Amino acid sequence: MKAGKQQTAYQIGITEMAVSLIAMIVGTGVIVLPRALAVEMDTTDGWITVIVSGGFVMLFVFIITKLQQKFPGRNFLQFLGEGIFGKWLSKLLALSFFVYFICVISFLSRFLAITIDIYLLPQTPTEVIVMILLLLSTYAISKGVQGVIHLNIMFTPIVLSVAFLIIIFEIPEFDLLNLRPIMAEGFIPLFKGLKETLFSFLGIEILFFLMAYMKKSDIRAAPLLISIGIISFLYFSIIIATFAIFGLNSTKVITFPMIDLVKEIEIPGGVLERVEPIFITIWFMSMFNTIAVAHLLADKLLKKELLPFVKGEILTALAVFIIFINTFITKSYTELSLFGQWISTHGGVNIIACILVVFVTLWYRTKKNKTSIQEEQA
């Protein structure tokens, strides 16, 4: 795609991009992060690792934004593809990101189906739930970037409002003594927890692709850093609430701590007996946002970067078929957790590799251009 072609169509505003970043990142981490930290660290210091991880992720977002400002109207792969060697690197990265997004969708679909099966629709076959989810996602991406971004704008404020309301309702039940002692085991547990919390911020890779749809004047870091700050505060609040109410040992054995927090809520007057079905329905919106964005990017990578010579919608159908098959590779929750760890590692490698390759390419081309200008002037 030629430079600036995206700018002739729909353009993403900076606020829309900031909200979409939240929509992409907030997913399973909200549900399982406290348990993962309790098991990995064996202390209640997980809230410290969230603060540190949030700082690291802000640095990554700042670097990505500064790089994107150098080639507005193009995504990272299009910029790389303009050179002879960069063309093959961009294809390799495109394939790696395509596999990553396909696996993300498969993982989230499986996770969502398991949760719905437990709490909402125990009699409905998992295959039917996943099939309906993928059909909805396919319909969403048929509306293009604008359609998916508007879904994020519609659902994300609801998801955040409900999540923070749950924390506020739980404040009277807090026992902050459960958070003690702080850093009794030193720094080693914090390093163990950093991996879990950094992976819960995966989703910033959408900036590599979606910022190409923004005007140059809108490509700014500050609003995106605020988004990371909001996500960090949400994770921080959930971890504090979980440990303050359940304590360390109980948190280790609760599969979905956030849902158990919701069960503890008592609506005054007994208006609602069970709140968790409402929460799961709202949380479904968050998961669907993440799936839709990943599906959109996987579809675009397949059509624009990997198989541009194949016309029609056959590639969209092929991608959905691959996702559906891949969703049921894992047979148990334990296998699904291992699959999630592999995806997290793959995503982290993708982000670091893409930043490094683009940074070196940008430095080389800038130096080459300066040398050419000096030779012409001499």
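On a predicted model such as this, the values are computed, not experimentally measured, just so you know. The chain is numbered in sequence order, starting from 1. What you see below is based on every heavy atom in this structure, not just the backbone, and it leaves out hydrogens, waters and symmetry mates.
- In this structure, Phe243 has no ring-ring contact (aromatic ring centres under 6.0 Å, His included) partners at least two apart in sequence or on a different chain.
- Annotation: Phe256 is in aromatic contact with Phe111 [ring centroid separation under 6.0 Å].
- Leu112 contributes atom CG, which lies 5.5 Å from atom CD1 of Ile291 (distance to the nearest 0.5 angstrom).
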For this session: Carefully, step by step, assess Thr115 and Phe284 under the rule side chain to side chain contact (heavy atoms under 4.5 Å, CB included).
Result: CA-CA 10 Å; Thr115 311; Phe284 178 88; over 6 Å; no

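- A distance-only check finds no donor-acceptor pair linking the side chain of Gln146 to the backbone of Gln11 [under 3.5 Å].
- Met258 has its side chain within reach of Phe279: a pair of non-hydrogen atoms, C-beta onward, lies under 4.5 Å apart.
- Annotation for Phe233: atom CZ does not count as buried by contact number, only 12 or fewer foreign heavy atoms lying within 6.0 Å.
- With contacts defined as side-chain heavy-atom distances shorter than 4.5 Å, the pair Asn249/Val253 does not qualify.
- Cluster annotation: Leu177 is not connected to Phe246 through the hydrophobic network of ILVMFWY side chains, with a link wherever side-chain heavy atoms come within less than 4.5 Å.
- Legend: residues meeting ring-ring contact (aromatic ring centres under 6.0 Å, His included) with Trp342, ordered by chain and number and at least two apart, are His346.
- In this structure, Asp45 contributes its side chain and Met183 its backbone to a donor-acceptor pair below 3.5 Å.
- Panel note: side chain Glu205, backbone Gly203; a donor-acceptor pair is recorded below 3.5 Å.
- Residue Met58 holds its CE atom at 11.5 Å from CD1 of Ile204, rounded to the nearest 0.5 Å.
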Exercise. Under the side chain to side chain contact (heavy atoms under 4.5 Å, CB included) criterion, do Trp283 and Val159 qualify, and how do the steps go?
Worked result: CA-CA 6 Å; Trp283 174 66; Val159 173; 5.9 Å; no

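- Side-chain contact check for Ile282 versus Phe155: every heavy-atom pair is 4.5 Å or farther apart.
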Exercise. For Arg110 and Val130, what are the C-alpha separation, side-chain angles and deciding distance, and is it a side chain to side chain contact (heavy atoms under 4.5 Å, CB included)?
Worked result: CA-CA 7 Å; Arg110 184 69 166 154; Val130 172; 6.0 Å; no

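- Checked by atom type and distance alone, the side chain of Glu16 pairs as donor or acceptor with a backbone atom of Gly13 at under 3.5 Å.
- Following chains of ILVMFWY side-chain contacts shorter than 4.5 Å, one can reach Ile322 starting from Phe328, so the two form part of one hydrophobic cluster.
- Listed for the Ser137 side chain is no donor-acceptor partner under 3.5 Å among the backbone atoms of Leu133.
- The backbone N or O of Asn75 sits less than 3.5 Å from a side-chain atom of Gln78, completing a donor-acceptor pair.
- Heavy-atom minimum distance, Ala244 versus Leu176: CB-CD2, 4.3 Å.
- Residue Ile323 comes nearest to Ser106 through the heavy atom pair O-OG, 3.4 Å, listed as atom of the first residue, atom of the second, then distance.
- In the hydrophobic clustering of ILVMFWY residues, with side-chain heavy atoms under 4.5 Å counting as a link, Phe359 and Phe62 come out apart.
- Using modelled atom types and a 3.5 Å distance limit, the side chains of Asn350 and Ser96 yield a donor-acceptor pair.
- Note that CD1 of Ile129 is 5.0 Å distant from CD1 of Ile116, once rounded to the nearest 0.5 Å.
- Looking only at side-chain heavy atoms (C-beta outward), Pro72 and Ile219 come within less than 4.5 Å of each other.
- Of all heavy-atom pairs between Ile228 and Gly54, the closest is CG2-O, 3.8 Å.
- Looking only at atom types and distance, the side chain of Lys303 has a donor-acceptor partner in the side chain of Thr316 under 3.5 Å away.
- Put simply, the side chain of Thr197 never gets that close to the backbone of Val50: no donor and acceptor are under 3.5 Å apart.
- When hydrophobic clusters are built by joining Ile, Leu, Val, Met, Phe, Trp and Tyr residues whose side-chain heavy atoms come closer than 4.5 Å, directly or via intermediates, Leu225 is grouped together with Leu59.
- Side chain of Arg35 to backbone of Lys252: a donor-acceptor contact under 3.5 angstrom is found.
- The line from CD1 of Ile25 to CD1 of Ile206 is 7.0 Å long, rounded to the nearest 0.5 Å.
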Exercise. Stepwise, does the side chain to side chain contact (heavy atoms under 4.5 Å, CB included) test hold for Tyr10 with Ile149?
Worked result: CA-CA 11 Å; Tyr10 167 70; Ile149 294 295; 3.6 Å; yes

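- Within the 3.5 Å criterion, the main-chain N or O of Val26 finds a donor-acceptor partner in the side chain of Ser286.
- Of the listed residues (Phe97, Phe98, Phe79), just one forms a ring-ring contact (aromatic ring centres under 6.0 Å, His included) with Phe209, and that residue is Phe97.
- Looking at every heavy atom in both residues, Ile63 comes nearest to Ile355 through CG2-CG2, 3.9 Å.
- Using a 4.5 Å cut-off on side-chain heavy atoms (C-beta onward), Leu248 and Asp42 make contact.
- Phe71 has its side chain within reach of Val358: a pair of non-hydrogen atoms, C-beta onward, lies under 4.5 Å apart.
- Cluster membership check: Phe56 shares its hydrophobic cluster with Phe187, using side-chain heavy-atom separations under 4.5 Å among Ile, Leu, Val, Met, Phe, Trp and Tyr.
- From Leu77, atom CG reaches atom NZ of Lys91 across 9.0 Å, with rounding to the nearest 0.5 Å.
- Annotation: side chain of Leu21 is in contact with side chain of Leu207 (closest heavy-atom distance under 4.5 Å).
- Of the options Val148, Thr290, Ile102, Ile105, a side chain to side chain contact (heavy atoms under 4.5 Å, CB included) to His295 is made by Ile105 and by none of the others.
- At a threshold of 4.5 Å between non-hydrogen side-chain atoms, the residues Asn289 and Ile22 do not count as touching.
- The two residues Leu202 and Gly348 have their closest heavy-atom pair at CD2-N, 3.9 Å.
- Taking CD1 of Ile48 as the start and OG1 of Thr43 as the end, the distance is 7.5 Å to the nearest 0.5 Å.
- Within 6.0 Å of the CZ atom in Phe164, the count of heavy atoms belonging to other residues, nucleotides or ligands exceeds 12.
- A donor-acceptor contact shorter than 3.5 Å links the side chain of Tyr235 to the backbone of Ser200.
- Taking both residues in full, the closest heavy atoms of Leu315 and Leu302 are given as O-CD2, 3.6 Å, listed atom of the first, atom of the second, then distance.
- The number of heavy atoms from other shown groups lying within 6.0 Å of CD1 (Ile314) does not exceed 12.
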